Every structure is written in structure tokens, then in C-alpha cells.
Amino acid sequence: MAVTAHAAVNQPNLAAAAASCSAGYVALTFDDGPNTGTTNQLISALRSAGATATVFPTGQNASNNPSLMQAYKNAGLQIGNHSWDHPHLITMSQSQIQSQLSRTQQAIQQTAGVTPNLFRPPYGETNATLKSVESSLGLREIIWDVDSQDWNNASSSQIRQAASRLTNGQIILMHDWPAATIQAIPGILQDLQTRNLCAGHISSSTGRAVAPSGSNPGGGTGSCTVSVSRGSDWTDRFNVNLSVSGSNTWVVRIALGSGQSLQSSWNASVTGSTGTLTARPSGAGNNFGITVYKNGNNNTPTASCALS
Ligand code: ZN
């Protein structure tokens with residue numbers, strides 16, 4: 001079944017984004033996705049509160065659901081690795097483990113365009129062989145501080161209760177698939193806000209929950225700015241150079257002048273040809289450009305940046 005990636009841009013919820021994070025950050029983690037039944041619901045529950053999270057998809061699910069991987073990415077979620085098909089890795093040989101982890105790195109790179117630096121072992125089971133493979137792939141092992149028991153039929157109120165035990169820097173285990181988890185999200189986020197805690201991302205250097213960073217490929221909160229400068233100029237067209245700062249997960253809207261149209265672009269994925277264009281990262285960094293046909297209008301377009 002094809003699920004179309006959502007092309008529209010969702011502005012962060014400003015009221016929620018303005019909430020105090022004075023008590024610190026916690027990491028909401030969702031394993032085993034993406035799933036056609038629940039992933040979009042999970043994303044919209046997070047989005048409506050302006051919150052972020054960390055997801056640990058399996059490689060198999062990632063490769064089966066590339067558009068949902070894009071949806072994770074576009075929602076600004078941090079994406080980690082959760083093995084290819086969820087085996088008991090501690091019963092496997094080093095080469096089998098290597099295959100489980102590296103195939104998943106590739107599947108996530110191919111579907112979401114990011115290379116994870118976090119690994120969550122299925123069942124939380126780990127050993128020295130697994131740890132050595134993780135480190136050879138640049139992956140930090142992430143377990144959890146609080147188990148929501150959502151995999152074990154916990155009710156949404158029990159899941160919410162579990163999240164209420166989180167303190168600054170801690171991580172809670174949840175899953176992408178249980179209906180009770182999706183139902184619990186608004187209450188969990190409300191409770192965090194009451195306690196001046198914010199949903200963050202997991203630092204690959206400390207393994208703790210921290211503020212989502214602009215330099216983190218999964219970063220989804222904060223702000224970004226775009227600067228616009230005029231480049232080469234010809235009789236019929238001109239170049240515009242754009243540079244984004246503050247985030248790597250941006251959407252830039254470029255307002256062409258009346259009559260102007262897009263000839264070409266570089267280092268970004270640009271949609272539209274007249275009026276307002278939409279540019280997103282193409283994996284080539286935060287500096288990109290467009291060539292615009294003047295069609296009698298020599299004004300330099302304006303641009304604005306939003307987080308995706
Ligand atoms: Zn799992």
C-alpha cells in the first residue's frame with residue numbers, strides 16, 4: 001500500500017515551543033516502526049503538541065515503508081537503528097550481528113536520508129560482541145530508564161503514569177504500534193509541560209536526553225534563518241544563493257516576483273516553478289541556489305525558513 005509522504009509544511013506549535021524547558025529534557029522513544037496503521041497517527045500526535053521524539057525502526061520495516069520513513073524525517077524525529085528484523089542478537093555470531101546492523105544503516109540512509117548514530121538492541125539484550133559491532137559502525141547503544149510496558153498491554157493511563165516518572169536526561173521505552181501509546185501521547189506531553197520538561201533528542205556522546213540541536217540531523221525544534229544573496233546575472237536570468245542557519249531540517253519558501261519563473265536549482269530539492277517555491281535539503285548541506293528567469297522582473301526574490 002502506498003502512503004504519500006506529506007508535502008505540506010507544518011509549522012511548529014508556537015505555544016508549545018515557547019513552553020519552559022527549565023527542568024530539562026527527556027527522550028520519548030518509539031521502537032519497531034514504521035507501521036502503516038500507526039506511524040502517521042504517532043507523528044500527528046507529536047506535531048500537534050510541537051514535540052519531537054526518537055524512533056528506532058527496524059531495517060525491514062524501513063525498507064517496506066519508505067514514505068513513512070520520510071514522514072519520520074520530515075517531522076524532525078531523531079532516527080536510530082533497531083536491527084534488521086528484531087532477532088535475539090546475543091544468540092548470533094559477530095558476522096550475523098554485523099549484517100543485522102549494517103543492512104539497517106543502509107535501509108535508513110536510503111529511505112530517510114540520514115545515517116543513525118544510535119542503536120537500540122531488540123529486547124534490550126546486549127553483550128560484548130554486539131557492543132564491538134555497534135562501535136565499529138559508529139553507533140551508541142541506547143537502552144532506557146523507564147519501560148512504559150506498552151508492549152505488554154499497558155493501558156494508555158498506565159503508559160502516561162510511567163512517563164510521569166521521567167526526570168531530566170532520562171529515556172522512556174515505547175513503541176510505534178500500540179494504540180494505547182498513541183492515545184497516551186497528548187497526556188504525556190501535557191504532564192511534561194506542567195513539570196517544565198521538554199521532549200528532546202538523545203545525545204550520541206552522552207546517551208542522555210538533551211535539547212534537540214540544530215546540527216543534529218534529526219533536530220526538529222528551535223528555529224532557522226535563511227539569507228538571500230544575488231549571484232550571477234544575465235540578460236534573461238539571474239542566480240540567487242541561499243544559506244540556511246540554525247537547523248539542518250528546514251523548509252525554505254522562496255517568493256518569486258511577478259512574471260519570474262524557476263530555471264534550475266542546485267544543492268536542494270526545489271518544488272514549484274512560479275509564485276512561491278518550496279526548497280528542502282537534498283543532502284548537500286545548507287547552502288543552495290536557484291536560477292530565475294526574469295521575464296521582465298529583475299527583483300531579487302525573498303525567502304523565509306521554517307523547520308520541517
Ligand atoms: Zn523492538
Side-chain angles (χ1 to χ4, degrees), residues 26-43 45-46 52-66 68-69 71-73 75 77-92 96-109 111-112 114-127 129-131 133-134 137 139-156 158-159 162-163 166 170-185 188 199 201-202 204 207 209 218:
V26 300
L28 308 178
T29 67
F30 299 92
D31 292 6
D32 302 354
N35 299 287
T36 49
T38 46
T39 293
N40 284 323
Q41 294 174 52
L42 167 65
I43 289 169
L46 292 167
T52 191
T54 303
V55 290
F56 289 98
T58 61
Q60 185 169 261
N61 284 352
S63 74
N64 287 338
N65 300 285
L68 293 177
M69 290 298 292
Y72 276 159
K73 172 74 191 320
L77 305 186
Q78 184 180 28
I79 303 175
N81 179 326
H82 193 41
S83 82
W84 180 259
D85 60 1
H86 217 276
H88 291 276
L89 292 169
I90 55 171
T91 67
M92 294 180 133
Q96 288 172 315
I97 295 172
Q98 169 80 30
S99 163
Q100 281 279 333
L101 273 56
S102 62
R103 283 177 75 196
T104 303
Q105 290 295 86
Q106 285 163 24
I108 293 171
Q109 174 61 46
T111 53
V114 296
T115 303
N117 53 20
L118 305 178
F119 176 73
R120 169 161 287 159
Y123 315 102
E125 296 170 345
T126 189
N127 62 15
T129 313
L130 174 55
K131 284 176 193 282
V133 174
E134 289 165 358
L137 292 170
L139 291 165
R140 182 177 184 112
E141 184 175 279
I142 302 296
I143 312 290
W144 52 79
D145 301 291
V146 175
D147 179 352
S148 71
Q149 293 280 326
D150 66 339
W151 53 270
N152 195 21
N153 280 323
S155 68
S156 66
Q158 288 168 326
I159 296 166
L166 288 166
Q170 288 194 330
I171 298 169
I172 184 170
L173 170 70
M174 294 184 281
H175 292 81
D176 180 285
W177 49 266
T181 302
I182 312 291
Q183 283 164 26
I185 292 172
I188 290 172
H201 285 165
I202 300 171
S204 63

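Counting convention: from 1, in listed order, for ligands and their atoms alike. What you are looking at is a predicted structure, and each value in this text was computed from that prediction instead of being measured. If you read the sequence from its start, that first residue is 1, and numbering goes on from there.
- Side chain of Gln170 to main chain of Val146: no donor-acceptor pair is present (N/O by atom type, distance under 3.5 Å, no hydrogens or angles).
- A donor-acceptor contact shorter than 3.5 Å links the side chain of Gln100 to the backbone of Trp84.
- A donor and an acceptor atom, one from each side chain of Asp85 and Thr58, are nowhere located under 3.5 Å apart.
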> Asn35 and Asn65: side chain to side chain contact (heavy atoms under 4.5 Å, CB included), yes or no, with the steps?
Replying inline: CA-CA 7 Å; Asn35 299 287; Asn65 300 285; over 6 Å; no
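- Remark: the backbone N or O of Leu101 is paired with a side-chain donor or acceptor of Asn81 at under 3.5 angstrom.
- Not one N or O on the side chain of Asp150 forms a donor-acceptor pair closer than 3.5 Å with the backbone of Thr181.
- For the Zn ion (ligand 1), protein N/O/S neighbours under 2.8 Å (waters excluded) are Asp32 OD1, His82 NE2, His86 NE2.
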